[in-house]
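Since the structure comes first, as structure tokens, the remarks are kept for the end.
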Amino acid sequence: MRSLLEAPLSRSADDLPQGRQRHTVPVWYRWSGEAFEVVMAKGDVTLRHLARDPQCVLVVFEAVRPFRGVEVRGVAELVEGNVTSARVAIAGRFLGVEDGERFAADRRSRPGVLLRLVPDSSRVWDLSGILAS
């Protein structure tokens, strides 16, 4: 499971806005060992939805063999403050260290919010056992 959570994979985060229709966005994340962390731009519509109803779902999955995945549910904690170090670390996972630093530097003047999601429940799958070699 650790290799799945540490790999830069496809992922989405869901929230339920006021109309109760699911709102899904692709996100970059990191696993801190206790929470999933996502940096979102201040003013993002997802943050408004989560401020109203902090219930959140994050799905991390592989789009290649062995097609493992995890869905976690919990209450999103929105942390205001300097997100630069989190932004650098998360972008570096997906872009590589150098490009991640450049990406974060380009956004240094743009405030962000750290979304922390400590899983209340999870569902895990691994299709390697049912796929032909």
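Residues Cys56 and Leu50 have side chains in contact (heavy-atom distance under 4.5 Å, counting atoms from C-beta outward). With contacts defined as side-chain heavy-atom distances shorter than 4.5 Å, the pair Trp31/Val60 does not qualify. Annotation: side chain of Val79 is in contact with side chain of Arg116 (closest heavy-atom distance under 4.5 Å). Side-chain contact between Phe61 and Glu71: absent, with no pair of heavy atoms (C-beta onward) separated by less than 4.5 Å. In this structure, Glu37 and Leu114 have side chains that are in contact, with non-hydrogen atoms separated by less than 4.5 Å. A 4.5 Å side-chain heavy-atom check between Val27 and Leu58 finds at least one atom pair inside the cut-off.
Arg65 places no side-chain N or O within 3.5 Å of a backbone atom of Ser128 that could act as its donor or acceptor partner. A donor-acceptor pair under 3.5 Å links the side-chain atoms of Arg93 to the main chain of Tyr29, judged by distance alone. Put simply, the side chain of Arg107 gets close to the backbone of Phe103: a donor and an acceptor are under 3.5 Å apart. Using a distance-only test at 3.5 Å, with no hydrogens or angles considered, a donor-acceptor pair links the side chain of Glu62 to the main chain of Arg68.
Minimum heavy-atom separation, Leu47 to Ala41: CD1-O, 3.3 Å. Closest non-hydrogen pair, Glu34 versus Pro119, comes out as O-CD, 3.7 Å. Across all their heavy atoms, Ala76 and Leu117 have their closest contact at N-CD1, 4.1 Å. In terms of heavy-atom proximity, Leu95 sits nearest to Gly100 at CB-N, 3.9 Å.
Arg73 contributes atom CZ, which lies 8.0 Å from atom CZ of Arg123 (distance to the nearest 0.5 angstrom). Arg48 CZ to Leu78 CG: the interatomic distance, rounded to the nearest 0.5 Å, is 13.0 Å.
The salt bridge (Lys or Arg N to Asp or Glu O under 4.0 Å) search around Glu101 returns none, not counting sequence neighbours.
A chain of hydrophobic side-chain contacts below 4.5 Å, direct or via other Ile, Leu, Val, Met, Phe, Trp or Tyr residues, connects Phe67 to Ile130. Taken together through direct or relayed side-chain contacts under 4.5 Å among Ile, Leu, Val, Met, Phe, Trp and Tyr, Phe36 and Val88 form parts of separate hydrophobic clusters. Hydrophobic clustering (ILVMFWY, side-chain heavy atoms < 4.5 Å, transitive): Val75 and Val59 are in distinct clusters.
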I would like to know whether Val45 and His49 meet side chain to side chain contact (heavy atoms under 4.5 Å, CB included); could you show each step before the answer? CA-CA 6 Å; Val45 66; His49 294 170; 3.5 Å; yes
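Between Phe94 and Trp28, the two ring planes are parallel [angle under 30°; tilted spans 30° to 60°].
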